[in-house]
4 protein chains.
Amino acid sequence: MKKRARRKAERPAEILDAAFEEFVKNGYAATRLEDVAARASVTKGTIYFYFETKERVFDEMVRHKSRALFPELESYARSLEGPYKQRLHALIVFVYGKIAEDRAARETLRFLIAEGSRFPDLVDRHYDEFVEPVIDQFKSVIDGGIAAGEFRASPATAFPEIVMSPALLLSLWSMLFGTRRQIDVAAFTDASIDLLMKGLGLPD
Amino acid sequence: MKKRARRKAERPAEILDAAFEEFVKNGYAATRLEDVAARASVTKGTIYFYFETKERVFDEMVRHKSRALFPELESYARSLEGPYKQRLHALIVFVYGKIAEDRAARETLRFLIAEGSRFPDLVDRHYDEFVEPVIDQFKSVIDGGIAAGEFRASPATAFPEIVMSPALLLSLWSMLFGTRRQIDVAAFTDASIDLLMKGLGLPD
Amino acid sequence: MKKRARRKAERPAEILDAAFEEFVKNGYAATRLEDVAARASVTKGTIYFYFETKERVFDEMVRHKSRALFPELESYARSLEGPYKQRLHALIVFVYGKIAEDRAARETLRFLIAEGSRFPDLVDRHYDEFVEPVIDQFKSVIDGGIAAGEFRASPATAFPEIVMSPALLLSLWSMLFGTRRQIDVAAFTDASIDLLMKGLGLPD
Amino acid sequence: MKKRARRKAERPAEILDAAFEEFVKNGYAATRLEDVAARASVTKGTIYFYFETKERVFDEMVRHKSRALFPELESYARSLEGPYKQRLHALIVFVYGKIAEDRAARETLRFLIAEGSRFPDLVDRHYDEFVEPVIDQFKSVIDGGIAAGEFRASPATAFPEIVMSPALLLSLWSMLFGTRRQIDVAAFTDASIDLLMKGLGLPD
DNA sequence: GATGAATGAGGCTTCATTCAT
DNA sequence: AATGAATGAAGCCTCATTCAT
């Protein structure tokens, strides 16, 4: 039986998943590795067998959790066809779905904001791997749309990240005020798309 | 001499200002009251004379720092005149200036995101005092603009907070990536206004 | 009452004295600061109020304990008069008394041997403050004796430290085999002096 | 092939040799069995196959390393002929060579001093196997020399171990101050012999 | 025989909090 | 009011030891 070997191969991921939950619940500093261990059904020592320090657990946990975030972004973007308005619409829906609805994505954002100064490498990495590629895709579609005469060349096209801003608002809102006043994600997304399309588009 | 008395009266504020700097630098958990004391040129014991616990220091520090944020919002909003597009423009400029450029505002936002779950009252209070009033002002201008025929009734008008989203992006961007890639605040604000105006406005 | 202040001034020395006993009993690594604290009738935290780390406790303990070792060496050496044989005799008795009989001196030697590689500064300091000055005094008396025609110029006079060697043997012997076979310190000292005097002296 | 079997037979010695190096480097407590294992190119588990505990590893390592120290002492001593001064001279050279120059001997001495109280059996064993036999040989030669009229009956002859003391000084000196000020072993040995011969000998 | 994943007791260190002065 | 010495709970991390494979 490969029971032992199988367990071993899975241990790190199990620990990182447990760490995610605990860090989400308490933040970096207030999380005890002992609790992470208990949640992963191992002992403290086991964590240190796989990770050097608490910082490393956190760091690798964030990497682990954001690994699956946008693997298909480029292929998805490449698959887009038809009018640029339609492409942009599809891309926004695709990205907003991740940002606003995916729990791991939302909490990763919170981690970056809360602990970014302690983990500058993490911030760099996320900028390079997620922020910049996403912005580049938006930029590419918008520029294409301008070239095709579907969008107007406006000041906003110099800031393609602006397209992301409603998603960011949504994400932060659910973090902070989700329990107080829920925002209807679908309606908000629709509203954002409407606003952005009008804002970027040519006058009718 | 009132010097002594004046100093005494100023102590709490001095402590909270020192606390702000330390909490900004290290986050809630990693900040030592001893360092706060040193920065405020008092001793630990003095802090405990004015504040019951570290949590209270943090809580009151956030209140103290956000007190000055929007005292004039309502009077400013009431003073707005002329076409609604112009009013909205002015309001956006007014609010963006606070959100995106004011250090205390930016760090308060970070505190809420990072420590919000430990300080739910703080979140509630900020929602009631800042988020809701600001959104209400925007809502009021937008609704006025629709009634006046200056804006179209669009899905976005159901989410007046959407007007804030570029400012939020700007604020978070400077938190996270400010050292990596700076965004030109003025140009970004102009671009956002352009986008929002077109997005909300009637077709030409 | 200065009770508190008085205690405070004495605390560090009390802690270092307690540390000496514990480190003697268990060695550096096997000593728990908690036991040091208990012996000093304080708590662990108090030790850290006065000393940064366990290493510092050890380091300062050794300094503290060896401080009183040879304060009078130079004045004693200067006070020596009469024939050089007599001076050397007196100096040997003086130094052997310290090295072989003083518990703090013996244990300091053990600390240097056992933990020297972890505390190179300590070794340096003891070389400069104790070893070299003592050797210099011996060298000065021996050279004086040669000039005065009391001692012969022999190969051994190039190694004045050799005069210390019986004392060293005595010290190590009592460390290691003291419980097994005791050496009569007075008789051994006399024997050493006899040997050294004959060894350094002119043939009768 | 006996390769496998030979390796197996050599494992324990390889482990003890590795242990020697690590214990020398860090002392007993600060040495990790994991590092010993790595140096011996085995895993931790293997060490526990051959030795019950860390203490046993240390204990057997010291025995292993000091085994080869004086196997020929008695036969060498028996082979000595001629005048007793010459015999003593030869014996001193023989023993000093071991004590002062052999690394294993020097480090064993350090182990005994540093960890003796944790390993009293080790101290006993070394006393019985090395210290006493060596002293006995010196005693025998000195007593013979006195009977033969070559040495004078002096207080020092009651302490034959005194003959070892310069070697001890040399050994400790190289442990502690070897990197700071080297002592010329040959010259020091010559000086010691000169001193001892004069000290023990009859007046010319 | 050998491996190395897993355990868990134990020690160093930190720091919010207290309180005698 | 203010001080700062003292406390002690709590958490990170180490590593000797075990044992399933």
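Convention: sequence-line order gives letters A, B, ...; per-chain numbering from 1.
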Check side chain to side chain contact (heavy atoms under 4.5 Å, CB included) between [X] and all other residues, then give those that pass, not counting sequence neighbours.
X         : result
Tyr48(A)  : Leu33(A)
Ala105(D) : Leu69(D), Asp102(D)
Arg110(D) : Ile113(C), Glu107(D), Met175(D)

(request) Please answer whether the main-chain N or O of Val42(B) pairs with a side-chain N or O of Thr46(B) as donor and acceptor at a distance below 3.5 Å. (result)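 It does not hold such a pair.
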(message) Keeping Lys54(C) on the side-chain end and Ala29(C) on the backbone end, is there a donor-acceptor pair under 3.5 Å?
(response)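 Such a contact is found between Lys54(C) side chain and Ala29(C) backbone.
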Can you measure [X] atom [atom1] to [N] atom [atom2] for me and round it to whole angstrom units?
X        : N       : atom1 : atom2 : value
Phe49(B) : dT18(E) : CZ    : C1'   : 15 Å
Glu10(A) : dA6(E)  : CD    : C1'   : 16 Å
Glu22(C) : dG11(E) : CD    : C1'   : 14 Å
Ile47(D) : dA2(E)  : CD1   : C1'   : 12 Å
Phe51(C) : dT14(E) : CZ    : P     : 15 Å

(request) For dT3(F), take OP1 and OP2 only and decide whether either is under 4.0 Å from a side-chain N or O of Thr43(B). (result)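 True: Thr43(B) side-chain N/O within range (under 4.0 Å) of dT3(F) OP1/OP2.
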(request) For DNA chain E, list all stems, counting runs of three or more consecutive pairs where every pair is Watson-Crick or G-U wobble with both distances under 3.5 Å. (result)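 So the stems come out as E:2-21 with F:2-21.
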(message) From C-beta outward on Arg11(A), which listed nucleotide comes closest to its side chain: dA2(E), dA5(E), dA6(E)?
(response)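 Between dA2(E), dA5(E), dA6(E), the one nearest the side chain of Arg11(A) would be dA6(E).
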(request) Ignoring the backbone of Tyr50(D), work out which of dA2(E), dT3(E), dT7(E) is nearest its side chain. (result)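 The listed nucleotide nearest to Tyr50(D)'s side chain is dA2(E).
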For residues 57-64 of chain A, which side-chain donor-acceptor pairs fall under 3.5 Å, sequence neighbours excluded?
from: Asp59(A); atom 1: OD1; to: Arg63(A); atom 2: NH1; distance (Å): 3.1
from: Glu60(A); atom 1: OE2; to: Arg56(A); atom 2: NH2; distance (Å): 3.1
from: His64(A); atom 1: NE2; to: Asp17(A); atom 2: OD1; distance (Å): 3.1

(request) Tell me, please, which residues at least two apart from Glu129(B) pass salt bridge (Lys or Arg N to Asp or Glu O under 4.0 Å). (result)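 Here the qualifying residues are Arg125(B).
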(request) Using the test ring-ring contact (aromatic ring centres under 6.0 Å, His included), find all partners of Phe177(C) that sit at least two apart in sequence or belong to another chain. (result)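 Counting only residues at least two positions away or on another chain, Phe177(C) forms a ring-ring contact (aromatic ring centres under 6.0 Å, His included) with Trp173(C), Tyr127(D).
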What donor-acceptor contacts under 3.5 angstrom involve side-chain atoms of residues 114-122 of chain A, with partners at least two apart or in another chain?
from: Glu115(A); atom 1: OE2; to: Tyr28(A); atom 2: N; distance (Å): 3.4

(request) Using a 4.0 Å heavy-atom cut-off, write out nucleotides 9-15 of chain F from 5' to 3' as B (base contacted by protein), S (sugar-phosphate only) or - (no contact). (result) -BSSBBS
